[in-house]
Amino acid sequence: MAESFWFSVNAVFPLFIIVFAGWLIKRLGLLSDSFFAESDRLVFKLALPALLFKDVATSGSDVKADANLILFCVIGITATVLISCIIVPFFIKDNPSRSSFIQGIYRSNFAILGIPLAESMFGSEGKTVIAMVIPFAITLFNSYAVVIFSVFAPEDKKLKLSVIIRKIILNIIKNPLIIAVVLAMPFLLFKIELPYIADKCISYISSLSLPLALMSMGAGFTFTSMKAKLPKIITATLLKIIVVPAIFVASALFLGFRGAQLGIIFILFGGPCAVSGYIMAKNMGGDYELTGHISLLTTLFCIATMFLGIFSLRLFNLI
C-alpha cells in the first residue's frame, strides 16, 4: 500500500505544484496577463506540437497494438456526447448553458495535463501510448464542440449545416497538434531516425510546453461570478471527474485493458474540463462563464480524484 501511495503522490502532485506556482505568480503580479496569453499561444502552436511530433516519431510504437485503445476512446467520447445531448436539455432550459454544460462533461484537458501525467506514471511508455490517442481525442473534442455549440446556439448565432461542416474540417486540418502527429507518422511507420540536429532542436522546443502550459492553467484561475451558477457547476464537476471516469474505467477493466492503456483511459475520461473550451464557448454563443467555472472546479478537485483513482488502480495492480 505504501508503494501505491507514493506512486500516486509522485504522479500527481508535482504537476499541481507547478499549477499552483502559476496561480501564485499571477496573484503576486510577477507576470502579466499578456505573458500568459502569449505563452498559451506558444505552447499550442509550437511547443506542444513539437513534443507530440518527437514522441510519436521516436516511439517505435506498434500502431496496431493501440487500435483497440483508440477505438475504445473514440466510442467513449462519442457515447458521452450523445447521452449528454439527450439528457441535459430536460434539466437545463437555455441553450447557451446546455452547450457549455455538455462540453464540460465530455471535453478533457487531455494534452496539457495528460502528457505529463502519463509520463509521470509510466515513463516513456506512457508518452508513447497517449501520443497515439491524442490526435483522435483532440479531433473529436473540437468537432463535437462545433456541432454542440451550433445545435444549441442562440437564434442570432445559429449556423447552417454547410458552415458547421466547414468549421469542423478547418478545425481539424488547422489544429497544430493533429498536424504534428500526422507529420510524425511516416517516421514511426517507416522507422526513420530524426537527424541529430533536428532531434535536439525539437527536444529543446518541446521542453517548454509542459511547465508553461501548467503554470498558465494556474494563472487563469478565478472565483468571480460563480455563485449564481453553482448548482450547474457542481453537477458538471461531479459528472466530469467522478461519474464518467468510473463508468469508462469499469468498462475498460471488463474488456481487459490493463497497465498504461488503462491509465490513459483514466486520464482521458477523469481529467479536468479543457480550458480551451472557454474560448470556443465565448466565440460560439455558449455560456463561457459557466465553461470557465467548470474548468476551474474540475481542475481543483481532480487533484483528489486523480490521486485516489491512480492509488486504487495501482493498489490492485491494474496499472
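Nothing fancy with the numbering, it's 1 onward along the sequence. Please read all numbers here as calculations on a predicted model, not as lab measurements. Both backbone and side-chain heavy atoms feed into the values below; hydrogens, waters and symmetry mates do not.
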Problem - Value rounded to 0.5 Å, distance of CD in Q103 from OG in S295 - result: 7.5 Å
Exercise for the section: Would you check if the distance from the ring center of F187 to the ring center of F53 is below 6.0 Å? Expected result: yes
Practice task
Run the salt-bridge test on D287 and K229 with the 4.0 Å N-O cut-off and return the result as yes or no.
Solution key: yes
Exercise for the section: Answer whether the closest heavy-atom distance between the side chains of H293 and L230 falls below 4.5 Å. Expected result: no
Practice task
Ignoring hydrogens and angles, tell me if any N or O in the side chain of S120 forms a donor-acceptor pair with the backbone of P116 under 3.5 Å.
Solution key: no
Handout entry: Test item: S100 side-chain N/O and S97 main-chain N/O as donor-acceptor pair under 3.5 Å
Key = no
Exercise for the section: Give the cluster check for L255 versus M132: same hydrophobic cluster or not, with ILVMFWY residues linked at side-chain heavy-atom distances below 4.5 Å. Expected result: yes
Problem - Min side-chain heavy-atom separation K240-C302 under 4.5 Å - result: no
Handout entry: Positive for side chain to side chain contact (heavy atoms under 4.5 Å, CB included) with R258, one of L313, N317, L253
Key = L253
Handout entry: Close side-chain approach of K26 to L31, heavy-atom, < 4.5 Å
Key = no
Handout entry: Nearest-0.5 Å distance, CG of residue L51 to NZ of residue K127
Key = 5.5 Å
Problem - hydrophobic_cluster_shared for I192 and I179, side chain cutoff 4.5 Å - result: yes
Handout entry: Side-chain donor/acceptor of S206 to backbone N/O of S203, under 3.5 Å
Key = yes
Exercise for the section: State yes or no: do V243 and I267 share one hydrophobic cluster built from I, L, V, M, F, W and Y residues joined by side-chain heavy-atom distances below 4.5 Å, directly or via other members? Expected result: yes
Exercise for the section: Evaluate side chain to side chain contact (heavy atoms under 4.5 Å, CB included) for I319 paired with M121, printing each intermediate quantity in order. Expected result: CA-CA 9 Å; I319 60 174; M121 291 168 65; 3.8 Å; yes
Problem - Side-chain touch C85/V81, heavy atoms, less than 4.5 angstrom - result: yes
Exercise for the section: Take atom CD1 of I197 as the centre, draw a 6.0 Å sphere, and report whether it contains more than 12 heavy atoms from other residues, nucleotides or ligands. Expected result: no
Handout entry: F257 and L318: CA distance, side-chain angles, deciding distance, side chain to side chain contact (heavy atoms under 4.5 Å, CB included) verdict
Key = CA-CA 9 Å; F257 288 100; L318 299 172; over 6 Å; no
Exercise for the section: Assign the ring pair F141 / Y106 to parallel, tilted or perpendicular, where the plane angle (0 to 90°) is split at 30° and 60°. Expected result: tilted
Exercise for the section: List the atom of P186, the atom of L183, and the distance in Å for their closest heavy-atom pair. Expected result: CD-O, 3.3 Å
Exercise for the section: Decide yes or no for I77 and F269: does some side-chain heavy atom of the first lie under 4.5 Å from some side-chain heavy atom of the second? Expected result: yes
Practice task
Please name the pair of heavy atoms, one in L262 and one in A252, separated by the smallest distance, quoted to 0.1 Å.
Solution key: CD1-CB, 3.8 Å
Problem - Check against side chain to side chain contact (heavy atoms under 4.5 Å, CB included), I265 and V133 - result: CA-CA 10 Å; I265 289 169; V133 177; over 6 Å; no
Fill in the blank from the handout: Minimal heavy-atom distance between C273 and G104, with the atoms involved, is SG-CA, 3.6 Å
Practice task
Return the minimal non-hydrogen interatomic distance between S150 and V146, and the atom names on each side.
Solution key: OG-O, 2.6 Å
Practice task
Over all heavy atoms of both residues, which pair between N95 and F152 is shortest? Give the atoms and the distance, please.
Solution key: CB-O, 2.8 Å
Exercise for the section: For the residue pair V19 and M215, establish whether any side-chain heavy-atom pair is separated by less than 4.5 Å. Expected result: no
Problem - Side chain to side chain, T78 and Y144, heavy atoms closer than 4.5 Å - result: yes
Fill in the blank from the handout: Nearest heavy-atom approach of I264 to G126 is CD1-O, 4.0 Å
Handout entry: Check: N142 side chain, I138 main-chain N or O, donor-acceptor pair, under 3.5 Å
Key = yes
Exercise for the section: Spell out, yes or no, whether I70 and F266 are grouped together once hydrophobic residues are joined by side-chain heavy atoms under 4.5 Å, including indirect joins. Expected result: yes
Problem - Side chains of F36 and L212 in contact at under 4.5 Å (non-hydrogen atoms) - result: no
Exercise for the section: Give the intermediate values and the outcome of side chain to side chain contact (heavy atoms under 4.5 Å, CB included) for residues L140 and V74. Expected result: CA-CA 8 Å; L140 291 180; V74 167; 3.9 Å; yes
Problem - Distance, nearest 0.5 Å, that separates CE of M306 from CZ of F301 - result: 15.0 Å
Handout entry: Cluster link L117 to I17, ILVMFWY, side chain under 4.5 Å
Key = no
Practice task
Mind checking ring-ring contact (aromatic ring centres under 6.0 Å, His included) for F101 and listing every partner two or more places apart, or none if nothing turns up?
Solution key: none
